[in-house]
Chemist: 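First the structure, then my questions, so here it is.
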Amino acid sequence: VALLIAPQTFIGLIYPDSYQLAASYLRIAAAGGGLLSLMTLLMGIAQAGGQRRPSAVVALVATLAQILVLVLVVPAWGATGAAWSLVLAGAVGVAGLAPLFLQRQSLNAAKLGQALVPLVAMALPLALLPDSGRLAALFKLAVAGATYLLVLAAMRYPAVTSRRAAAGAVASTKATGIVYEILIGA
């Protein structure tokens, strides 16, 4: 998420200003990397559920789509085309694997929204705070990380009045528990 929103912050921490031109490529590649990670997760779930062949076919189609884009687009677009090939491969993979996952699971929009809250909380400082140097970039990253952890902690330990309600609320709002429930349907 951070590379998608503020790639210039990360580049500015490590490299001189002349590398800032790579921020747009990094942003596109980060989106592709996120989709490829989701594809890998969905593929693992499909294979664990006994759907090995369909998931292998989807992986093959996604790989072929990426190769096709690399061959056709990179000569004209260069690094931008290469970054977009990651996005296309990930999108093809997720689009092919999502139906395999969704036919076995019932997703709850409220739980999905709860799982996204810490990511949105982390994204806000990354998007809104300026980075005008390495110290400012470090501060921006620290604020984003602290915001993420504070929101996770607030979700894990909500304010409740009774001990029984507190135990139930903590168990049902753990970020990992939410993701587990979304993925496994427990």
Chemist: Would you list the pairs meeting ring-ring contact (aromatic ring centres under 6.0 Å, His included) in which at least one residue belongs to residues 17-56, sequence neighbours left out?
Modeler: Tyr15-Tyr19

Chemist: Taking all non-hydrogen atoms of both residues, which atom of Pro7 and which atom of Ala23 are closest, and how far apart?
Modeler: CG-O, 3.4 Å

Chemist: Show every salt bridge (charged side-chain N to carboxylate O under 4.0 Å, His left out) that has at least one partner inside residues 39-54, sequence neighbours left out.
Modeler: none

Chemist: Kindly compute the distance separating CE (Met43) from CG (Leu38), expressed to the nearest 0.5 Å.
Modeler: 10.5 Å

Chemist: Search all heavy atoms of Ala95 against all heavy atoms of Pro99 and return the closest pair with its distance.
Modeler: O-CD, 3.1 Å

Chemist: Please report the closest heavy-atom contact between Ala29 and Ala83, naming both atoms and the distance.
Modeler: N-CB, 3.9 Å

Chemist: Does the pair Thr147 and Leu124 meet the rule for a side-chain contact (heavy atoms from CB on, under 4.5 Å), with working shown?
Modeler: CA-CA 9 Å; Thr147 304; Leu124 288 175; over 6 Å; no

Chemist: Please say whether more than 12 non-hydrogen atoms of neighbouring residues, nucleotides or ligands are located less than 6.0 Å from CG in Leu135.
Modeler: no

Chemist: Any donor and acceptor pair, going by atom type alone, linking the side chain of Gln20 with main-chain N or O of Gln8 inside 3.5 Å?
Modeler: yes

Chemist: Linking I/L/V/M/F/W/Y whenever any side-chain heavy atoms sit under 4.5 Å apart, do Ile11 and Ile5 land together?
Modeler: yes

Chemist: Sequence neighbours left out, what passes side-chain hydrogen bond (donor to acceptor under 3.5 Å, both in side chains) with Thr9? Give chain and number order.
Modeler: Asp131, Lys140

Chemist: Go through the steps to decide whether Val92 and Val61 satisfy the test side-chain contact (heavy atoms from CB on, under 4.5 Å), and finish with yes or no.
Modeler: CA-CA 8 Å; Val92 167; Val61 170; 3.9 Å; yes

Chemist: Who else is in the cluster with Leu21 when I, L, V, M, F, W and Y are joined by side-chain contacts under 4.5 Å?
Modeler: none

Chemist: Identify the two heavy atoms, one from Pro118 and one from Val151, that lie closest to each other, and give their separation to 0.1 Å.
Modeler: CA-CG1, 3.9 Å

Chemist: Check whether Ile28 and Val74 end up in the same hydrophobic cluster, where Ile, Leu, Val, Met, Phe, Trp and Tyr are linked by side-chain heavy atoms less than 4.5 Å apart.
Modeler: no

Chemist: Look at the side-chain heavy atoms of Ile, Leu, Val, Met, Phe, Trp and Tyr, link any pair under 4.5 Å apart, and say whether Leu138 and Tyr148 land in one connected group.
Modeler: yes

Chemist: Got a sec, which hydrophobics cluster with Leu60, joining ILVMFWY side chains under 4.5 Å apart, including via others?
Modeler: Leu64

Chemist: Tell me the closest heavy-atom pair linking Leu70 and Ser85, and the distance in Å.
Modeler: CD2-OG, 3.3 Å

Chemist: Phe139: what forms a ring-ring contact (aromatic ring centres under 6.0 Å, His included) with it, not counting sequence neighbours?
Modeler: none

Chemist: If you compare all heavy atoms of Val73 against all heavy atoms of Gly81, which two are closest, and at what distance to 0.1 Å?
Modeler: CG1-CA, 3.6 Å

Chemist: Linking I/L/V/M/F/W/Y whenever their side-chain heavy atoms sit closer than 4.5 Å, directly or via other members, would Val94 and Leu41 fall into one cluster?
Modeler: yes

Chemist: Leu42 vs Val58, test: side-chain contact (heavy atoms from CB on, under 4.5 Å). Steps then yes/no.
Modeler: CA-CA 11 Å; Leu42 291 174; Val58 169; over 6 Å; no

Chemist: State the CD1-OG distance between Ile45 and Ser55, to the nearest 0.5 angstrom.
Modeler: 11.5 Å

Chemist: May I ask you to test the Gln66-Leu88 pair for a side-chain heavy-atom distance under 4.5 Å?
Modeler: no

Chemist: Please check if Val117 and Leu128 belong to a single hydrophobic cluster, counting links between Ile, Leu, Val, Met, Phe, Trp and Tyr side chain heavy atoms closer than 4.5 Å.
Modeler: no

